[in-house]
Protein chains: 2
Amino acid sequence: MQQDAAKTGKGERTKARIVDAALVLFREHGYDATTMRMVAERAGVSLGNAYYYFKSKEVLLQAFYKEMHDAHVAASQEVLSSSNKLHDRLLGVLQARIDVTEPYRRFAALLFRQAADPDSPLNPFHEASRATREEAIQLFEVVIEGANVKVPKDLAKELPELLWTYSMGIVLFWIHDRSEDSARTRKLAAHTSDIVVKLIRLASNPLLRPLRKRVLELLRDFRVTG
Amino acid sequence: MQQDAAKTGKGERTKARIVDAALVLFREHGYDATTMRMVAERAGVSLGNAYYYFKSKEVLLQAFYKEMHDAHVAASQEVLSSSNKLHDRLLGVLQARIDVTEPYRRFAALLFRQAADPDSPLNPFHEASRATREEAIQLFEVVIEGANVKVPKDLAKELPELLWTYSMGIVLFWIHDRSEDSARTRKLAAHTSDIVVKLIRLASNPLLRPLRKRVLELLRDFRVTG
DNA sequence: GTCTATAACCGGATAGAC
DNA sequence: GTCTATCCGGTTATAGAC
């Protein structure tokens with residue numbers, strides 16, 4: 001938490017060495033085949049020492065997740081700065097994620113599995129991962145802000161989180177997608193993003209205001225996240 | 001696979017003893033705290049023997065899942081035979097599940113976590129669990145069949161699976177729900193089931209036929225299940 | 001070929017000395 | 001903060017009984 005920018009403490013460096021070792025080994029052998037003993041050895045520390053810094057093997061995955069997220073944001077910049085069409089922007093961000101995470105599909109499955117566990121720190125609804133989640137949602141705020149669409153204020157407020165949820169659905173599909181170069185997921189993203197944009201327009205229709213109000217209220221009331 | 005109805009083979013009985021032991025211990029101590037050695041001892045078999053019948057600790061959970069499903073179907077019968085209103089029937093089935101599974105919320109989380117793994121036999125999209133999944137979807141077929149609603153044929157065909165998916169969403173919420181007696185989930189089910197019924201009516205509107213067609217086509221094309 | 005038992009392995013996790 | 005030694009439990013190898 002607190003940390004001198006000038007001299008990075010010894011602990012910090014050791015910790016970084018362990019993370020680096022884990023990332024390399026995870027990439028090379030996969031999560032299951034990578035043992036904590038291997039991680040410790042590569043990092044040049046003892047097994048017990050590795051556990052001093054990381055309570056479990058599982059939490060080492062978080063580092064991996066963070067890395068992927070950063071790469072995703074970077075890869076999204078191109079579309080986001082070149083088009084103001086909602087559909088292009090949304091689809092572009094989805095495609096960027098596939099591009100970036102494609103080599104790590106098996107990993108993503110692990111992350112997803114853990115995320116499904118209510119008690120896991122990786123759980124996206126969990127307090128511990130609030131920051132990560134909010135960062136991910138922010139990306140969709142940018143998607144909307146830069147698009148030339150008019151949506152009712154009430155909907156606009158919830159839209160980023162809704163789109164994030166939608167994108168999580170795409171990820172879920174992708175995890176099960178065995179097609180070459182994730183072609184099926186790419187197709188799915190292309191088709192559904194178009195529909196999502198249409199649904200946003202539909203939901204913005206004044207005639208549907210009562211239903212929309214109700215759904216949005218529900219979302220607020222039952223948001224799992226505090 | 002093949003098995004005489006008359007004399008249950010010795011193996012069958014041993015297998016049953018192991019499942020029974022596991023279910024009791026899981027209920028009593030939870031999944032993690034229950035060791036395979038405990039299960040074996042309680043079943044009166046050796047550890048190796050338990051593994052002869054069950055390839056892993058994980059597959060023992062399937063027995064638990066099956067038991068819950070059967071109980072859910074049974075508990076659903078009351079509403080299904082007493083009302084022909086779609087909303088009542090749908091909500092009734094959702095409530096029945098909460099009633100039945102309430103004591104096992106922590107378990108359900110484990111099942112869910114495993115189900116999220118593409119390679120797990122518990123994965124609802126996995127070939128191995130096709131039968132279980134179809135059985136679950138069938139329940140929603142009954143929900144619709146006995147209801148006095150008119151929906152376009154194309155939608156009717158997909159509706160059971162759609163409702164099943166919706167119900168899985170409720171389960172996901174429930175897993176994270178820490179409220180007394182799952183009160184929040186019950187409220188969520190009540191509110192959303194009402195909205196779902198309204199959405200079905202909306203989607204049945206002739207004006208929305210083109211969009212509906214498109215969404216349904218998408219569902220068919222991208223069904224994860226073969 | 002169907003079933004059962006014993007012993008060992010392996011790796012995640014912890015205790016406690018320095 | 002770091003190490004060594006150890007535990008613990010899922011899983012496997014293997015040998016033999018029915």
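Sequence lines set the chain letters: A, B, ... in the order given, protein chains first and strands last, and positions in each chain run from 1.
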| query | Between CG of A:Leu23 and CG of A:Leu60, what distance do you get to the nearest 0.5 Å? | reply | 8.0 Å

Taking only side-chain nitrogens and oxygens of [X], does any of them come within less than 4.0 Å of OP1 or OP2 of [N]?
X       : N     : value
A:Tyr52 : D:dT2 : no
A:Asn49 : D:dG1 : no
A:Tyr53 : D:dT2 : yes
A:Thr14 : D:dG1 : no

| request: Indicate for each nucleotide in nucleotides 12-18 of chain D, in 5' to 3' sequence, whether protein heavy atoms under 4.0 Å reach the base (B), only the sugar-phosphate (S), or nothing (-). | output: B------

| field | Residues which pass side chain to side chain contact (heavy atoms under 4.5 Å, CB included) with B:Ser46, listed by chain and number, not counting sequence neighbours | value | B:Asn49

| If you measure from the Lys or Arg side-chain nitrogens to the Asp or Glu carboxylate oxygens, is any gap between B:Arg184 and A:Asp221 under 4.0 Å? |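 Looking at B:Arg184 and A:Asp221, the cut-off is not met.
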
| message | Under 4.0 Å between a side-chain nitrogen and a carboxylate oxygen: does that hold for B:Arg133 and B:Glu161? | response | no

| note | So, with a heavy-atom separation below 4.0 Å from DNA chain C, the residues of residues 21-34 of chain B are none

| Which residues, if any, of residues 35-45 of chain A bring a heavy atom under 4.0 Å of DNA chain C? |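 Those residues whose heavy atoms fall under 4.0 Å from DNA chain C, taken from residues 35-45 of chain A in numerical order, are A:Thr35, A:Met36, A:Arg37.
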
| Can you tell me if B:Ser182 and B:Asp177 form a side-chain donor-acceptor pair at under 3.5 Å? |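 No.
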
| request: Determine whether the side chains of B:His87 and B:Ser193 contain a donor N or O and an acceptor N or O closer than 3.5 Å. | output: yes

| request: Using whole Å, report how far CZ of B:Phe54 lies from P of D:dT11. | output: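 Going from B:Phe54 (CZ) to D:dT11 (P), I get 14 Å.
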
| Taking atom CD of A:Glu41 as the centre, does the number of heavy atoms from other residues, nucleotides or ligands within less than 6.0 Å exceed 12? |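 No.
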
| said: With a sphere of 6.0 Å drawn around NZ of B:Lys57, does it hold more than 12 non-hydrogen atoms of other residues, nucleotides or ligands? | reply: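 Check passes, neighbour count above 12.
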
| Under the side-chain hydrogen bond (donor to acceptor under 3.5 Å, both in side chains) test, residues paired with B:Thr192 that sit two or more places apart | B:Tyr166

| said: If the condition is side-chain hydrogen bond (donor to acceptor under 3.5 Å, both in side chains), which residues does B:Glu135 pass it with, not counting sequence neighbours? | reply: B:His69

| Can you check whether B:Phe107 and B:Phe64 have ring centres sitting under 6.0 Å from each other? |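 Yes, ring centres under 6.0 Å apart.
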
